[in-house]
Amino acid sequence: MKIAFFDTKPYDKDSFDRYGKQYGVDIKYFETKLNEDTAELAQGYDGVCVFVNDTINAAVIDKLVAMGVNVLALRCAGFNNVDMKHAYGKLHVLRVPAYSPYAVAEHTMALLLTSIRRIHKAYIRSRDFNFSLVGLTGFDLYGKTVGVIGTGRIGRVFVDICKGFGMKVLAYDKYPCAEIDNGDTVRYAELDELLEKSDIISLHCPLSDETYHMIDENALKKCKNGVVILNTSRGALVDAEALLAGIKSRRVGAACLDVYEEESDLFFEDNSGHIMQDDTLARLISMPNVIVTSHQAFLTEEALENIAETTIKNIVEFFETRHCSNELCYCNGSAQDCKERKCF
Ligand code: NAD
């Protein structure tokens with residue numbers, strides 16, 4: 001099996017080399033992202049392996065299929081960058097549904113603590129022997145209400161972490177999970193109630209037409225003054241312009257973003273020598289109460305290991321059986337893990 005691996009970073013290679021060798025998968029690493037201009041690189045390969053900021057739109061799918069490539073292995077959980085509707089019946093889309101929900105949930109809490117205890121400011125100050133505490137006053141998490149939107153794998157781990165801090169959790173999910181609701185410290189609520197009552201709001205649902213800009217001007221108007229917004233899910237869940245306006249008007253007390261709507265041309269790359277063209281991102285980053293990390297929440301040793309193992313096993317399972325238990329499918333009109341696998 002020969003796989004064309006797009007958007008390669010040095011930290012990908014270690015574990016993929018190991019699992020590739022173990023399972024007989026021959027990997028050709030390309031630094032470039034997969035898009036309409038680079039799809040030709042997949043010529044002669046049995047499949048392609050991509051990450052969160054590769055573009056698998058209708059044109060790319062058609063090019064891959066025309067070259068005889070009909071397997072796309074996502075080395076991530078989210079698939080909002082794949083035109084699943086167009087892929088249906090043409091391209092088999094495999095993914096890694098879970099690799100370490102702890103990595104993402106723990107990074108979310110790391111961002112929250114850094115922000116509200118002003119660690120990012122204190123770190124810079126003490127390196128300059130500035131030991132003043134003025135302006136570093138934070139607040140206790142104990143007793144605060146956190147709104148968790150999306151209580152899947154990552155959301156649930158984040159709920160557990162918040163419980164450990166003695167926080168109250170208001171949860172919102174399209175498909176609630178009854179067992180986590182104890183009617184007291186963890187309770188499901190309507191989205192409006194969550195927005196109105198939460199001191200902190202954390203997003204853990206997928207990006208879809210339904211969730212696009214779910215935190216917009218209107219939603220922020222419903223929030224408590226000083227609300228802290230955490231987004232480690234997908235950038236376009238938050239309307240960045242509205243968030244910036246909320247920060248400027250002081251309605252939003254702080255924001256921690258591991259993802260950004262227009263991240264695909266910026267994140268994962270060193271842009272330090274370039275003129276930043278994205279004024280919204282530049283303004284957000286300039287704020288003392290905004291912390292941005294570069295889609296880093298997944299990046300732990302454990303997660304990288306699990307991503308490589310599952311991706312390689314997905315590819316091997318598919319080529320050996322023409323089926324894969326982690327195949328995504330559009331068979332019922334929306335993208336989902338396909339258990340039937342009888343679609344094409
Ligand atoms: P998951 O599928 O286990 O959980 C998602 C939850 O969102 C589910 O409970 C689902 O019912 C809920 N949901 C779906 N539509 C909804 C809606 N319209 N409103 C409210 N809830 C809705 O996924 P997960 O593994 O917990 O991952 C969550 C998200 O985290 C992923 O979609 C991905 O975008 C993001 N993610 C980010 C990173 C990172 O490095 N920053 C890494 C992995 C995943």
Side-chain angles (χ1 to χ4, degrees), residues 7 9 11-12 50-54 74-82 84 95-112 147-162 169-181 186 188-195 198 201-216 219 229-238 255-261 263-264 266-268 291-304 306-307 310-311 326 328 334-338:
D7 200 11
K9 294 286 178 284
Y11 47 77
D12 289 317
V50 300
F51 197 46
V52 294
N53 286 325
D54 294 280
L74 290 159
R75 50 182 194 278
C76 54
F79 49 87
N80 52 286
N81 53 337
V82 183
M84 286 302 304
R95 69 160 179 162
V96 183
Y99 42 85
S100 173
Y102 311 103
V104 182
E106 288 171 16
H107 188 79
T108 310
M109 182 49 87
L111 286 173
L112 175 60
V148 178
I149 300 180
T151 52
R153 298 175 190 90
I154 296 168
R156 269 183 260 176
V157 175
F158 189 65
V159 166
D160 283 344
I161 292 173
C162 291
V169 178
L170 279 179
Y172 170 75
D173 197 297
K174 203 175 165 191
Y175 308 101
C177 164
E179 67 217 52
I180 69 164
D181 188 327
V186 182
Y188 277 102
E190 291 303 318
L191 184 57
D192 274 358
E193 185 188 354
L194 181 152
L195 295 173
S198 298
I201 294 174
S202 196
L203 298 166
H204 300 287
C205 60
L207 175 62
S208 63
D209 290 346
E210 222 174 349
T211 59
Y212 176 80
H213 282 187
M214 77 190 302
I215 301 298
D216 60 4
I229 303 290
L230 310 174
N231 188 8
T232 56
S233 198
R234 282 293 181 268
L237 294 175
V238 176
C256 302
L257 311 173
D258 185 53
V259 285
Y260 175 66
E261 196 168 355
E263 72 178 46
S264 62
L266 296 167
F267 281 20
F268 303 117
I291 298 180
V292 174
T293 52
S294 174
H295 209 133
Q296 172 189 341
F298 76 99
L299 196 63
T300 65
E301 287 172 11
E302 293 81 356
L304 289 176
N306 293 339
I307 287 170
T310 307
T311 306
N326 290 324
L328 281 167
S334 66
Q336 58 192 356
D337 284 304
C338 184

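Order of appearance sets the numbers: ligands from 1, and atoms from 1 within every ligand.
- Ring geometry, F298 versus Y99: the interplanar angle exceeds 60°, so the pair is classed perpendicular (tilted spans 30 to 60°).
- Here the heavy atom of the protein found nearest to atom 40 (O) of ligand 1 is F298 N, 3.1 Å.
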**Message:** Using the rule given for side chain to side chain contact (heavy atoms under 4.5 Å, CB included), can you reason through L299 versus L304, listing the C-alpha separation, both sets of side-chain angles and the distance that settles it, and then say yes or no?
**Reply:** CA-CA 7 Å; L299 196 63; L304 289 176; 3.9 Å; yes

**Request:** Begin from the C-alpha positions of I201 and Y172 and carry the test side chain to side chain contact (heavy atoms under 4.5 Å, CB included) through to its verdict.
**Result:** CA-CA 11 Å; I201 294 174; Y172 170 75; over 6 Å; no

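- At the top of the distance list for atom 1 (P) of ligand 1, counting protein heavy atoms only, stands R153 NH1, 3.7 Å.
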**Request:** Please report the C-alpha distance between T300 and Y102 in whole Å, then the side-chain angles of each, then the deciding distance to 0.1 Å, and finally whether the side chain to side chain donor-acceptor pair (under 3.5 Å) criterion is met.
**Result:** CA-CA 9 Å; T300 65; Y102 311 103; over 6 Å; no

**Request:** Apply side chain to side chain contact (heavy atoms under 4.5 Å, CB included) to the pair F51 and N81, showing each step before the final yes or no.
**Result:** CA-CA 9 Å; F51 197 46; N81 53 337; over 6 Å; no

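- Heavy-atom contacts of Y99 reach the following atoms of ligand 1: 42 (C), 43 (C) (cutoff under 4.0 Å).
- Of all heavy-atom pairs spanning E193 and L170, the tightest one is O-CD1, 4.2 Å.
- An N or O contact shorter than 3.5 Å is missing between L207 and ligand 1 by distance.
- For the 3.5 Å distance criterion, the side chains of T108 and S202 fail to qualify, holding no donor opposite an acceptor.
- For ligand 1, the atoms lying closer than 4.0 Å to a non-hydrogen atom of D258 are 39 (C), 40 (O), 41 (N).
- Here atom 25 (O) of ligand 1 lies nearest to I154 when heavy atoms of I154, D337, V52 are compared.
- The protein heavy atom nearest to atom 36 (N) of ligand 1 is R234 NH1, 3.8 Å.
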**Message:** Run D12 and K9 through side chain to side chain contact (heavy atoms under 4.5 Å, CB included) and show every step you take.
**Reply:** CA-CA 5 Å; D12 289 317; K9 294 286 178 284; 3.6 Å; yes

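- Ranking the protein heavy atoms by distance from atom 28 (C) of ligand 1 puts H204 O, 3.3 Å first.
- The distance criterion of under 3.5 Å between nitrogen or oxygen atoms is not met by T211 with respect to ligand 1.
- Closest heavy-atom approach to atom 6 (C) of ligand 1 within the set A98, P97, G152: this belongs to G152.
- For atom 29 (C) of ligand 1, the nearest protein heavy atom (residue, atom name, distance) is S233 OG, 3.2 Å.
- Judged by the shortest distance from any of its heavy atoms, P206 lies inside the 4.0 Å radius around the atoms of ligand 1.
- Among D173, V96, L299, the residue whose heavy atom lies closest to atom 8 (C) of ligand 1 is D173.
- Side-chain contact check for T232 and H107: no donor-acceptor pair (N or O, by modelled atom type) lies under 3.5 Å.
- For ligand 1, the atoms sitting less than 4.0 Å from at least one non-hydrogen atom of V104 are 38 (C), 42 (C), 43 (C), numbered in the order shown with element in parentheses.
- Looking from atom 22 (C) of ligand 1 to the surrounding protein, the closest heavy atom is C205 CB, 3.7 Å.
- Close contacts of ligand 1 with G150, meaning ligand atoms under 4.0 Å from a residue heavy atom, involve 7 (O).
- Short contacts between ligand 1 and Y172, defined as distances under 4.0 Å to a heavy atom of the residue, involve ligand atoms 19 (N), 20 (C).
- Counting non-hydrogen atoms of other residues, nucleotides and ligands closer than 6.0 Å to OH of Y175 gives a total of 12 or fewer.
- Here K174 has heavy atoms under 4.0 Å from ligand 1 in both its backbone and its side chain.
- Annotation: atom 37 (C) of ligand 1 to nearest protein heavy atom, T232 O, 3.2 Å.
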**Request:** Output, in order, the C-alpha distance, side-chain angles, deciding distance and verdict of side chain to side chain donor-acceptor pair (under 3.5 Å) for D173 and T151.
**Result:** CA-CA 6 Å; D173 197 297; T151 52; 3.2 Å; yes

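- Within 6.0 Å of the CD atom in Q336, the count of heavy atoms belonging to other residues, nucleotides or ligands exceeds 12.
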